[in-house]
Novice: 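Below is the structure I would like to discuss, written out as structure tokens.
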Amino acid sequence: MTEIAYVRGDATAPQAKGVKIVAHVCNDLGGWGKGFVLALSRRWPEPEAAFRRWHRERAGNDFGLGAAQFVQVEPYVWVANLVGQRGTRTARSTGVPVRYEAIDAALGLLADKAVELGASVHMPRIGCGLAGGSWAKVEPLVLRRLVERGIPVTVYDFGA
């Protein structure tokens, strides 16, 4: 596979055989309650609980921009919480919360985990929803970090 597969559908129901990792971008404030995470939490409670614990215990762990947490939710399905967003958008905020360098670093960790598990990666257009990022900037990171390492990647456009 030398490119990303784009499909219509739900990234929380990955369409592939074997081990799958569902990846998404989180903020560095420990917030979980808008966007794609709502679909994740409806399907599996573990990623939210793990993320909140990871944030709460951040003084003693690697939580922060560019970090990644991997949570097994089914025998062949994992969720990757990728910290690639500084804060959240508010009515007063200027600029966007997305941090491309953090997404890039977290994708590197995701690639290592995918290789270790022999997994394919499934995601929405990460960093492009509430984080306010541009897919034109995120896609090359996904290509370089994952696809060029031979990891199958599927991007899901929900309801498109």
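Each residue takes its place number in the sequence, starting with 1.
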Novice: Just wondering, do Gln15 and Thr154 contact through their side chains at under 4.5 Å, heavy atoms?
Specialist: no
Novice: Could you tell me whether the side chain of Tyr156 and the main chain of Thr12 form a donor-acceptor pair under 3.5 Å?
Specialist: no
Novice: Report yes if some heavy atom in the side chain of His24 is under 4.5 Å from a heavy atom in the side chain of Asn81; otherwise report no.
Specialist: yes
Novice: Hey, does Leu146 have a side-chain heavy atom less than 4.5 Å from the side chain of Met123?
Specialist: yes
Novice: Indicate whether the side chain of Trp32 and that of Asn27 have a donor and an acceptor atom separated by less than 3.5 Å.
Specialist: no
Novice: Between Ala68 and Ala106, what is the shortest heavy-atom contact and its length?
Specialist: CB-O, 4.2 Å
Novice: How about Tyr6: does its OH atom have over 12 heavy atoms from other parts shown lying under 6.0 Å from it?
Specialist: yes
Novice: Are side-chain heavy atoms of Val71 and Trp44 found at a separation under 4.5 Å?
Specialist: no
Novice: Do Phe70 and Val37 belong to the same hydrophobic cluster, where Ile, Leu, Val, Met, Phe, Trp and Tyr are linked whenever their side-chain heavy atoms lie under 4.5 Å apart, directly or via other members?
Specialist: no
Novice: Starting at CD of Glu46, measure out to CD of Glu74 and round the result to the nearest 0.5 Å.
Specialist: 9.0 Å
Novice: Quick one: do Arg8 and Asp157 make a salt bridge, cutoff under 4.0 Å?
Specialist: no
Novice: Is the shortest side-chain heavy-atom distance between Leu110 and Trp78 below 4.5 Å?
Specialist: no
Novice: Considering non-hydrogen atoms only, spot the tightest contact between Ala50 and Gln69 and give its length.
Specialist: O-NE2, 3.0 Å
Novice: Is Lys137 salt-bridged to Asp104, going by a charged N under 4.0 Å from an acidic O?
Specialist: no
Novice: What's the shortest heavy-atom distance between Leu65 and Arg86, and which atoms?
Specialist: CD1-NH2, 3.0 Å
Novice: Any side-chain to backbone donor/acceptor pair from Arg56 onto Trp54? Under 3.5 Å, distance only.
Specialist: no
